Amino acid sequence: MNKAHTGPVTKDGIRIHREADFAGMRKAGRLAAEILDRIGEHVFVGQTTAELDRIVEEMVNEAGAKSATIGYKGYEHASCISINHVVCHGIPGDKKLKDGDILNIDVTVIVDGWFGDTSRMFVAGKLGRKAERLIEVTHEALFKGIEAVKPGNTFGDIGHAIQSFVEGHRMSVVRDFCGHGLGSVFHAPPNVLHYGRAGTGPVLEEGMFFTIEPMVNLGRPETKVLADDWTAVTRDKSLSAQFEHSIGVTASGYEIFTLSPAGTFHPTYG
Ligand code: MF3
Ligand code: CO
Ligand code: CO
């Protein structure tokens with residue numbers, strides 16, 4: 001047992017981390033974000049998602065880090081790559097990207113025992129109007145959630161901020177997948193729901209670490225998992241988008257561990 005990774009746990013099972021733990025998360029988060037920064041130039045029409053995954057794995061290894069997803073519940077890849085109506089957990093493969101495809105690339109690394117988990121949207125070729133709106137709303141929804149993070153607020157406040165914003169744009173929030181506590185483990189309490197009622201759920205405290213990772217659909221929120229047991233798609237085949245950051249609660253608000261060093265978190269900025 002590594003003593004540096006232990007500390008008090010709340011009644012909801014949520015670990016409270018110490019100042020030194022923030023340094024560990026900064027390093028892990030930064031690497032995950034840098035890998036996504038560097039994968040961007042490899043996303044183009046005709047590229048395969050297997051090749052993108054191979055490059056991600058190479059970057060993880062070159063950094064002397066470990067992939068959190070390889071070997072996780074039998075998953076065999078360093079990334080999840082979810083194209084168009086795939087909501088999350090898309091498995092990299094030989095399919096080539098087509099003009100106008102939108103894709104989420106999700107990378108989780110382990111550095112010195114700390115987990116950095118982030119995902120963002122990329123585009124192959126020319127971005128369509130509807131896809132652009134979806135990406136815009138999903139990105140902004142993540143930040144509405146992040147802005148609700150401060151001690152004394154609740155997890156329901158985060159979900160409510162995201163849901164009300166997304167539904168205000170006549171899009172829908174996926175209910176079947178959620179964010180999660182993380183730190184020296186990949187998935188820990190609580191489930192971070194991207195919908196909900198203000199003032200409900202556990203109270204946020206300084207030192208909590210978790211992800212916020214809303215999945216937003218242009219159509220209905222229902223999903224189904226394909227026969228491969230991983231790939232989640234929208235039931236109505238509508239387009240879906242997702243952005244994910246790993247966050248820590250600070251005395252006055254939040255720290256984002258997975259900010260893009262290159263400033264390219266949003267695909268059409270920078
Ligand atoms: N990175 C994903 C998340 O945001 C989890 C992927 S698990 C995998 O929680 F096994 F599918 F890679
Ligand atoms: Co996550
Ligand atoms: Co992730």
Side-chain angles (χ1 to χ4, degrees), residues 14-15 25 28-37 39 49-50 52-57 59-60 65-83 86-93 103-111 114-122 138-139 141-143 145-146 149 155 158-159 162 173-194 208-216 223-233 240-249 254 256-260 265:
I14 307 169
R15 187 168 297 284
M25 290 299 285
R30 184 181 176 91
L31 175 63
E34 274 171 357
I35 289 171
L36 292 185
D37 283 349
I39 202 68
T49 53
L52 291 171
D53 182 71
R54 190 196 62 73
I55 297 167
V56 168
E57 186 173 350
M59 290 193 282
V60 174
K66 270 189 59 180
S67 162
T69 53
I70 297 175
Y72 177 78
K73 295 186 177 171
Y75 195 78
E76 295 175 337
H77 308 274
S79 61
C80 296
I81 305 185
S82 304
I83 306 174
V86 179
V87 172
C88 63
H89 301 163
I91 301 175
L103 53 149
N104 174 278
I105 306 182
D106 189 338
V107 171
T108 310
V109 298
I110 313 173
V111 178
W114 296 99
F115 286 68
D117 185 5
T118 182
S119 80
R120 58 177 95 146
M121 298 304 293
F122 296 86
T138 310
H139 178 268
L142 167 59
F143 280 86
I146 291 173
V149 175
F155 281 93
I158 298 173
I162 294 169
V173 174
V174 169
R175 294 339 190 237
D176 302 337
F177 300 91
C178 57
H180 48 93
L182 87 172
S184 57
V185 294
F186 196 174
H187 292 109
N191 286 333
V192 180
L193 306 183
H194 304 114
M208 290 179 174
F209 296 163
F210 52 87
T211 71
I212 306 179
E213 47 182 300
M215 287 139 274
V216 174
T223 70
K224 68 176 178 191
V225 175
L226 301 185
D228 61 24
D229 275 346
W230 283 106
T231 313
V233 300
S240 187
Q242 179 179 27
F243 286 88
E244 174 176 25
H245 270 316
S246 297
I247 308 282
V249 184
Y254 57 84
I256 304 176
F257 298 125
T258 45
L259 279 178
S260 164
F265 186 68

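Here the structure is a predicted model, which means the values were calculated and not measured. Read the numbers this way: they start at 1 and go in the same order the structure lists the ligands and their atoms.
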Donor-acceptor pair, [X] side chain versus [Y] backbone, under 3.5 Å?
{"X": "Asp53", "Y": "Ser79", "value": "yes"}
{"X": "Arg15", "Y": "Gly183", "value": "no"}
{"X": "Thr118", "Y": "Glu244", "value": "yes"}
{"X": "Thr258", "Y": "Ser246", "value": "yes"}
{"X": "Thr49", "Y": "Gly93", "value": "yes"}
{"X": "Ser82", "Y": "Gly90", "value": "yes"}

For [atom], grab the closest protein heavy atom and report residue, atom and distance to one decimal in Å.
{"atom": "atom 12 (F) of ligand 1", "value": "Thr69 CG2, 3.0 Å"}
{"atom": "atom 2 (C) of ligand 1", "value": "Asp106 OD2, 3.4 Å"}
{"atom": "atom 3 (C) of ligand 1", "value": "Asp117 OD2, 3.4 Å"}
{"atom": "atom 5 (C) of ligand 1", "value": "Phe186 CZ, 3.7 Å"}

Environment of the Co ion (ligand 2) in terms of protein N/O/S atoms, cut-off under 2.8 Å: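 Checking every protein N, O and S atom gives Asp117 OD2, His180 NE2, Glu213 OE2, Glu244 OE2.
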So for ligand 1, is [X] a polar contact partner (N or O within less than 3.5 Å, distance only)?
{"X": "Glu213", "value": "yes"}
{"X": "Trp230", "value": "no"}
{"X": "His187", "value": "yes"}
{"X": "His180", "value": "yes"}

Distance under 4.0 Å to a non-hydrogen atom of [X]: what atoms of ligand 1 satisfy this?
{"X": "Cys80", "answer": "6 (C), 8 (C), 11 (F), 12 (F)"}
{"X": "Thr108", "answer": "1 (N)"}
{"X": "Glu244", "answer": "4 (O)"}

Test: Asp229 and Lys73 ion pair at under 4.0 Å: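 Here Asp229 does not pair with Lys73 in a salt bridge, since their nearest N and O are not under 4.0 Å apart.
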Do we see a donor-acceptor contact under 3.5 Å between the side chains of Asp117 and Thr211?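 Their side chains do not contain a donor-acceptor pair, so the 3.5 Å distance test is not met.
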His89-Tyr75 aromatic ring centre distance below 6.0 Å: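 No - the distance between ring centres of His89 and Tyr75 does not fall below the 6.0 Å cut-off.
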Rounded to the nearest 0.5 Å, what separation is found between the OH atom of Tyr72 and the NE2 atom of His77?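 It comes to 15.5 Å.
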Could you measure the distance from the NE2 atom of His180 to the CZ atom of Phe209? Nearest 0.5 Å is fine.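 Rounded to the nearest 0.5 Å, the NE2-CZ separation comes out at 14.0 Å.
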Could you tell me if any non-hydrogen atom of His77 lies under 4.0 Å from any atom of ligand 1?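 In this structure, His77 fails to qualify as a contact of ligand 1 - no heavy atom is under 4.0 Å.
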Mark the output for Lys73 as yes if a heavy-atom distance to ligand 1 is under 4.0 Å, and as no if none is.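 No.
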Can you tell me if Asn191 has over 12 outside heavy atoms packed within less than 6.0 Å of its CG?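 No, not enclosed.
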